[in-house]
Amino acid sequence: MILEDFSLSGKVAIVTGCSTGLGQGMSYGLAEAGADIVGIDYVDFPETQKVIEGMGRKFLGIKADLSSLEPIEGIIQKTVETFKKLDILVNNAGIIRRADAIDFTEQDWDAVMDINIKTLFFLSQAAARHFIKQGTRGKIINIASMLSFQGGIRIPSYTASKSGVMGVTRLMANEWAKHKINVNAIAPGWFATNNTAPLRADPVRSKEILSRIPEGRWGTPDDLKGVAVFLASDASNYVNGYTIAVDGGWLAR
């Protein structure tokens with residue numbers, strides 16, 4: 001039956017940036033579909049753990065700073081030691097820095113690129129190596145952005161990193177499909193998260209943004225649950241290298 005293809009029962013998923021926002025929402029969605037969750041963040045995540053364990057799922061929390069590559073080996077190792085396997089990786093962790101391009105600093109450029117694209121690639125590489133060693137199908141879901149499709153303003157390193165996410169998603173899919181590893185991305189539109197708090201607090205900018213969204217509202221973390229479960233499940237086994245926009249119709253305007 002088709003609904004069985006969407007089940008994640010018995011699967012183990014790593015989700016980075018799990019403490020709040022989109023990462024938390026996707027963690028909940030994957031857990032609701034049956035997966036046990038390995039949550040990664042640089043801050044504590046008591047709410048995420050409580051909710052997931054309340055569903056009857058297992059939760060392993062790993063506190064790690066993904067601004068460097070140092071934690072990657074330990075994340076994979078602890079996951080496998082605890083659950084004996086890994087099935088899904090969701091690369092959600094990311095940061096943003098805002099300033100006019102003419103004034104943008106090297107520090108802000110490097111900080112964003114290190115987390116949003118460098119760590120994403122090397123964590124994906126580590127997961128793929130384990131999938132191949134494990135001999136089972138693996139799913140990698142990268143979080144892209146509307147800025148993977150558009151230029152934006154005042155966020156040069158974020159735009160560059162998210163354009164890179166779409167590119168390496170295709171590259172990894174091309175190379176790893178032969179190993180039964182699906183690599184896809186989700187491009188959220190304008191969501192109510194910590195990153196968009198300054199924009200939502202600006203009545204002029206918020207009105208401008210909402211006026212272009214056909215759905216007429218900011219997205220919520222719940223809006224990503226369905227697509228995350230789809231891309232993590234057997235229902236998407238023939239979907240590879242694609243970036244799915246979840247944007248309330250923003251790109252259609």
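Quick note: residue numbers are just sequence positions, from 1.
Annotation: the span from N182 atom CG to W176 atom CH2 amounts to 12.5 Å, rounded to 0.5 Å.
F83 CZ: more than 12 foreign heavy atoms inside a 6.0 Å radius.
Among residues at least two apart or in separate chains, salt bridge (Lys or Arg N to Asp or Glu O under 4.0 Å) pairs with a member in residues 13-34 are E32-K225. Residue pairs meeting the ring-ring contact (aromatic ring centres under 6.0 Å, His included) criterion with at least one partner in residues 18-47, sequence neighbours excluded, are F45-F59. Within the structure, ring-ring contact (aromatic ring centres under 6.0 Å, His included) contacts touching residues 108-128 (residues at least two apart or in different chains) do not occur. Under the salt bridge (Lys or Arg N to Asp or Glu O under 4.0 Å) criterion, no residue pair touches residues 162-177, with sequence neighbours excluded. Every pair passing side-chain hydrogen bond (donor to acceptor under 3.5 Å, both in side chains) that includes a residue from residues 50-59 is listed here, sequence neighbours excluded: Q49-E53.
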Open item on the list: Run R154 and F104 through side-chain contact (heavy atoms from CB on, under 4.5 Å) and show every step you take.
Closed with: CA-CA 8 Å; R154 306 193 75 246; F104 210 76; over 6 Å; no
- [ ] Carefully, step by step, assess E106 and D110 under the rule side-chain contact (heavy atoms from CB on, under 4.5 Å).
- [x] CA-CA 6 Å; E106 181 181 7; D110 289 345; 3.6 Å; yes
- [ ] Please report the C-alpha distance between T243 and N184 in whole Å, then the side-chain angles of each, then the deciding distance to 0.1 Å, and finally whether the side-chain contact (heavy atoms from CB on, under 4.5 Å) criterion is met.
- [x] CA-CA 6 Å; T243 298; N184 293 288; over 6 Å; no
- [ ] Applying side-chain hydrogen bond (donor to acceptor under 3.5 Å, both in side chains), run through Q77 and E81 and close with a yes or a no.
- [x] CA-CA 6 Å; Q77 182 178 347; E81 286 176 354; 3.0 Å; yes
TODO: Begin with the C-alpha distance, continue with both residues' side-chain angles, and end with the deciding distance and a verdict on side-chain contact (heavy atoms from CB on, under 4.5 Å) for L89 and S124.
DONE: CA-CA 7 Å; L89 168 64; S124 297; 4.1 Å; yes
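Residues that satisfy the side chain to side chain donor-acceptor pair (under 3.5 Å) test with S236, not counting sequence neighbours, are K139. Residues meeting the side chain to side chain donor-acceptor pair (under 3.5 Å) test with T136, sequence neighbours left out: Q134. Partners of S67 under the side chain to side chain donor-acceptor pair (under 3.5 Å) rule, at least two apart in sequence or in another chain, are D65. In this structure, the side chain to side chain donor-acceptor pair (under 3.5 Å) partners of T196, at least two apart in sequence or on a different chain, are R200. For S7, the side-chain contact (heavy atoms from CB on, under 4.5 Å) criterion is met by S9, not counting sequence neighbours.
Ion pairing of E208 with R205 is present here, as a side-chain N (NZ or NE/NH1/NH2) and a carboxylate O approach within less than 4.0 Å. Electrostatic pairing of D44 and K63 counts as a salt bridge here, judged by a charged N lying under 4.0 Å from a carboxylate O.
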Donor-acceptor contacts under 3.5 Å from residues 111-118 side chains, at least two apart:
unit_1 : atom_1 : unit_2 : atom_2 : d
N116   : OD1    : I95    : N      : 2.9
N116   : ND2    : I95    : O      : 3.0
N116   : ND2    : S161   : OG     : 3.2

In residues 244-253, what donor-acceptor pairs under 3.5 Å come from side-chain atoms, sequence neighbours left out?
unit_1 : atom_1 : unit_2 : atom_2 : d
D247   : OD1    : G249   : N      : 3.0
D247   : OD2    : W250   : N      : 3.3
D247   : OD2    : L251   : N      : 2.8
W250   : NE1    : Q150   : OE1    : 3.0
R253   : NH1    : R212   : O      : 3.4

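No single ILVMFWY cluster, assembled from side-chain heavy atoms under 4.5 Å apart, contains both I75 and V15. Criterion: ILVMFWY side-chain heavy atoms under 4.5 Å apart, direct or through other members. Under it, L231 and L171 are not part of a common hydrophobic cluster. A chain of hydrophobic side-chain contacts below 4.5 Å, direct or via other Ile, Leu, Val, Met, Phe, Trp or Tyr residues, connects I132 to V12. Hydrophobic clustering places V90 together with I52 (ILVMFWY residues linked when any side-chain heavy atoms are closer than 4.5 Å, directly or through intermediates).
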